There are 2 protein chains.
Amino acid sequence: MAHSKRDKQTTHERIVSVAAKRFRERGLDGIGVADVMKEAGVTVGGFYKHFGSRDELVVEALATAFKDLDVWEEHTEDMVQLLQNYLTEAHRDAPGTGCAMGALLGDITRGSKSVRALYTERVKRSLAFSSALLPSSQRGDKRCRALLILSALLGAINLSRAVSDPSLSREILHGVRDELIGLVKPANAQASPNPIPGL
Amino acid sequence: MAHSKRDKQTTHERIVSVAAKRFRERGLDGIGVADVMKEAGVTVGGFYKHFGSRDELVVEALATAFKDLDVWEEHTEDMVQLLQNYLTEAHRDAPGTGCAMGALLGDITRGSKSVRALYTERVKRSLAFSSALLPSSQRGDKRCRALLILSALLGAINLSRAVSDPSLSREILHGVRDELIGLVKPANAQASPNPIPGL
DNA sequence: ATTATCTATAGATCTATAGATAATGC
DNA sequence: ATTATCTATAGATCTATAGATAATGC
């Protein structure tokens with residue numbers, strides 16, 4: 001026990017990293033500080049030397065979880081690729097390392113002011129990112145299209161995790177994915193603004 | 001104290017009714033049995049004469065909350081009407097009496113087997129209902145379109161409740177609503193398979 | 001001397017149970 | 001006599017704090 005200042009920082013990072021994972025898996029109320037500390041390899045007593053309150057950990061963990069989204073966006077080149085990566089069984093089954101906006105969607109409403117503010121900023125960033133990925137020739141407003149896509153992605157990943165029927169879960173992921181791809185794809189014959197006669 | 005069998009039944013219904021409202025507002029873990037009993041006008045000690053466990057109350061309350069959806073569906077004549085009623089600020093601000101699929105979306109994943117099974121059945125009913133409302137001439141699969149609409153509705157209502165910026169919240173509701181209406185509308189010039197001349 | 005972490009526990013909250021009380025209903 | 005509800009509490013869990021311990025770092 002009683003290590004250096006440098007060690008304290010890595011301990012702190014370990015605590016936040018464990019929390020960022022477990023909160024996404026079990027919800028913001030789904031794991032207590034004692035269990036987080038234990039999984040980080042320390043005991044509960046030191047917690048308040050690291051955080052002023054439990055909610056401070058929640059805020060830090062949320063910020064850390066959002067970093068995964070920044071990385072995700074950096075590796076995303078177009079909207080179809082984003083849709084194909086987001087709506088997968090692998091993502092559905094790994095909420096702890098997946099999209100925190102999705103994993104915590106339902107928890108945020110009941111969260112603290114700071115938690116909601118942080119989440120709100122992340123939503124704004126995602127909307128800006130999605131808008132920028134959409135083709136400018138798209139009919140209608142790019143902003144509204146981005147709002148629809150974000151809502152559908154968050155709804156579908158949550159729904160696919162909620163239902164207990166595996167084949168329905170798969171159907172949700174693939175159905176919504178294909179439907180959204182159909183909306184953003186450079187529009188083949190079917191959906192052209194100038195319909196080709198006979199189709 | 002100590003009323004008739006008839007009174008027990010109405011007490012039971014009052015407990016479930018309070019729970020159906022509060023669970024939607026605060027989540028399945030957001031209110032304890034003591035507070036539910038108190039709001040129903042009884043004390044906590046009688047709880048286990050009404051329910052075998054807390055989870056039994058959750059299941060009954062969920063079933064009761066879903067009855068509001070049955071009523072909603074009965075009063076819904078077309079998809080545009082459904083979208084216009086669902087994605088409103090009034091609905092966003094009244095989760096306790098609103099759509100339970102939306103209010104509890106994020107909680108179900110961590111719910112009991114019975115809770116998830118009940119939720120899953122309700123999702124299946126909603127998908128069948130939405131499919132039936134869609135015009136059969138719609139390009140693409142009606143089933144996939146219904147999956148997209150349900151995901152977008154649940155995602156948007158949750159997102160509008162989560163964000164702390166009121167104007168963003170409004171934008172989500174109205175943007176997704178208009179975008180979905182654009183997808184299902186008997187299609188003006190842009191996307192109609194059988195465009196009516198002059199419309 | 002300071003401090004990072006430890007053991008121990010206070011105090012709040014929650015589910016579930018035990019036993020008492022006062023009506024109902026054969 | 002049965003039973004619907006009551007008061008009271010056991011036992012588990014959780015956040016937060018107090019004080020001890022054993023390293024670090026001036």
Side-chain angles (χ1 to χ4, degrees), chain A residues 1-62 104 107 110-115, chain B residues 1-62 104 107 110-115:
Chain A
M1 60 181 82
H3 307 70
S4 68
K5 272 187 184 175
R6 189 187 191 90
D7 286 337
K8 183 179 184 185
Q9 197 190 324
T10 70
T11 297
H12 188 97
E13 284 162 6
R14 247 182 305 122
I15 298 168
V16 174
S17 163
V18 167
K21 183 178 182 186
R22 297 300 176 209
F23 284 150
R24 273 179 282 184
E25 285 174 356
R26 307 187 198 173
L28 296 181
D29 290 331
I31 185 166
V33 299
D35 284 337
V36 171
M37 293 296 274
K38 182 184 254 183
E39 195 177 335
V42 283
T43 58
V44 64
F47 182 83
Y48 292 87
K49 296 282 154 55
H50 283 277
F51 308 94
S53 66
R54 184 185 189 280
D55 195 60
E56 265 187 28
L57 170 64
V58 174
V59 170
E60 273 198 49
L62 194 59
L104 297 171
D107 287 33
R110 298 149 200 153
S112 70
K113 198 174 258 185
S114 331
V115 165
Chain B
M1 59 182 79
H3 306 72
S4 69
K5 272 188 186 173
R6 190 186 190 92
D7 286 336
K8 184 179 183 185
Q9 199 191 321
T10 70
T11 297
H12 189 96
E13 285 162 5
R14 247 183 303 122
I15 298 168
V16 174
S17 163
V18 168
K21 184 177 180 185
R22 297 299 175 210
F23 284 150
R24 273 179 282 184
E25 286 174 356
R26 308 188 198 172
L28 296 181
D29 290 332
I31 185 166
V33 298
D35 284 336
V36 171
M37 293 296 274
K38 182 183 255 182
E39 195 176 336
V42 284
T43 58
V44 64
F47 183 83
Y48 292 87
K49 296 284 155 51
H50 284 277
F51 308 93
S53 66
R54 185 185 190 279
D55 195 59
E56 267 187 27
L57 170 64
V58 174
V59 171
E60 273 198 50
L62 194 58
L104 298 171
D107 287 34
R110 297 149 200 153
S112 70
K113 198 175 259 184
S114 331
V115 165

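All figures in this text were calculated on a predicted structure; none of them were measured in a lab. Each chain gets a letter, A, B and so on, in the order the sequences are listed, and its residues count up from 1.
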Taking C:dA8, C:dT5, D:dC6 as options, the one with an atom nearest any side-chain atom of A:Val44 is C:dA8

Between CD of B:Glu56 and C1' of C:dT15 the distance, given in whole Å, is 14 Å

Closest to the side chain of B:Ser4, out of C:dA16, C:dT24, C:dC6, is C:dT24

The reported gap from OG1 in B:Thr11 to NE2 in B:His50 (rounded to nearest 0.5 angstrom) is 5.5 Å

Result for 5'-nearest mapping on DNA chain D, choosing between A:Asp35 and A:Gly52, is A:Asp35

Ranking D:dA16, D:dT24, C:dA16 by distance to the side chain of B:Arg54, first place goes to C:dA16

Checking D:dG25, D:dA16, C:dT5 against the side chain of A:Lys8 (C-beta onward), the nearest is C:dT5

Of the listed C:dT5, C:dA8, D:dT5, the closest approach to the A:His50 side chain comes from C:dT5

Side-chain atoms of A:Tyr48 come closest, of D:dT24, D:dT15, C:dA16, to D:dT15

Partner of D:dG19 under the Watson-Crick or G-U wobble criteria, both distances under 3.5 Å, comes out as C:dC6

Exercise. Touch check for B:Gly32, heavy atoms < 4.0 angstrom, all strands: base, sugar-phosphate only, or nothing?
Worked result: sugar-phosphate

For D:dT24, the nucleotide meeting Watson-Crick or G-U wobble distances (both under 3.5 Å) is C:dA1

In whole angstroms, the gap separating P of D:dA4 from CD of B:Gln9 amounts to 11 Å

Against the side chain of B:Thr43, the closest entry in D:dT5, D:dG19, D:dT7 is D:dT7

Separation between OG (B:Ser4) and CD (B:Gln9), nearest 0.5 Å, reads 10.0 Å

The residue among B:Arg22, B:Arg14, B:Lys21 that forms side-chain hydrogen bond (donor to acceptor under 3.5 Å, both in side chains) with B:Glu39 is B:Arg22

For A:Leu28 and A:Asp107, the nearest pair of non-hydrogen atoms, with its separation, is N-OD2, 2.7 Å

